[in-house]
Amino acid sequence: MRRRTLLAAATTAMIGGIAMSETEAQAADPNNLVYLDLPYGRVVIELRPDLAPKHVERVKELCREHFYDNTPFHRVIEGFMAQGGDPTGTGSGGSKLPDLPAEFTDDAHFLRGTVGAARTQNPNSANSQFFIMFAPAPSLDGQYTIWGKVIQGMEFVDKIKRGSGGSGMVQNPDRIVKMRLASDPQ
């Protein structure tokens, strides 16, 4: 028992109070980590500026402004995704900043834990809304911008209250407690 505990301690590191595998900790850049605090616990998202530099800069800017704090996960579809980042909770809101051009790639795929930019039918309409995948969705590959991936706390994402009907709109939705860059003061 003691040997297993020592081994576990030797193979984990702490970043901002979050236990991560040694490989993740070495690869993680605090300037490209987001702490998404939910009522259930902390989710750590690794940003992907290599895939979507404009979207990552937007997320960083909105995190620094505390824009995401208390915004709801207004659309949540079981087995698909949880969508948030709209302060109005209607799916039609966004930040005061201009919409972003699409940054599609064939080098990444929508897998469980992938974070993508929500948009309208117009590929260049992403603003502040995002979604986190519960399961793979290859039909989204090359159609939506990927700007991050959950590297810790997916079990808390799994607890987000689901919506009903085909649209997945949620009554009395769960809300983001706060969303910050790991490199910024908490």
Open item on the list: Classify the ring geometry of Phe130 against Tyr68: parallel below 30°, tilted from 30° to 60°, perpendicular beyond 60°.
Closed with: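 Ring orientation, 0 to 90° scale: perpendicular.
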Open item on the list: Under a 3.5 Å cutoff, is there a donor and acceptor pairing between the side chains of Asn127 and Ser95?
Closed with: yes
Quick one: does any side-chain atom of [X] pair with a main-chain N or O of [Y] as donor and acceptor, under 3.5 Å?
X      : Y      : result
Lys178 : Tyr35  : no
Asn32  : Leu47  : no
Asp86  : Gly91  : yes
Glu103 : Lys54  : yes
Arg75  : Ser167 : yes
Thr120 : Ser125 : no

Open item on the list: Side-chain heavy atoms under 4.5 Å apart, restricted to Ile/Leu/Val/Met/Phe/Trp/Tyr: what other residues fall into the cluster of Met169, or is it alone?
Closed with: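 Joined to Met169, directly or through intermediates: none.
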TODO: Taking the six-membered ring of Tyr144 (Phe, Tyr or Trp), confirm whether the NZ or CZ of Arg119 is under 6.0 Å from its centre and within 45° of its axis.
DONE: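 Yes - Arg119 lies over the ring of Tyr144, closer than 6.0 Å to its centre and within 45° of its axis.
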Hphob cluster co-occupancy, [X] + [Y], side-chain heavy atoms under 4.5 angstrom:
X      : Y      : result
Leu51  : Phe110 : yes
Leu100 : Phe104 : no
Phe67  : Ile45  : yes
Leu36  : Phe131 : no
Leu140 : Met81  : yes

Task: Smallest separation among heavy atoms of Gly85 and Ser128, with atom names - done: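 Smallest interatomic distance, heavy atoms only, reads O-OG, 2.8 Å.
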TODO: For side chain to side chain contact (heavy atoms under 4.5 Å, CB included), just list the numbers for Val115 and Trp147, CA-CA rounded to whole Å, side-chain angles, deciding distance to a tenth of an Å, and then say yes or no.
DONE: CA-CA 6 Å; Val115 184; Trp147 59 254; 3.3 Å; yes
- [ ] Salt-bridge test for Arg180 and Asp37: reply yes if a basic N is under 4.0 Å from a carboxylate O, no otherwise.
- [x]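 Salt bridge flag = no for Asp37 with Arg180.
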TODO: Kindly indicate whether the side chain of Leu181, heavy atoms from C-beta on, has any atom under 4.5 Å from the side chain of Arg64.
DONE: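 Leu181 reaches Arg64 side chain to side chain.
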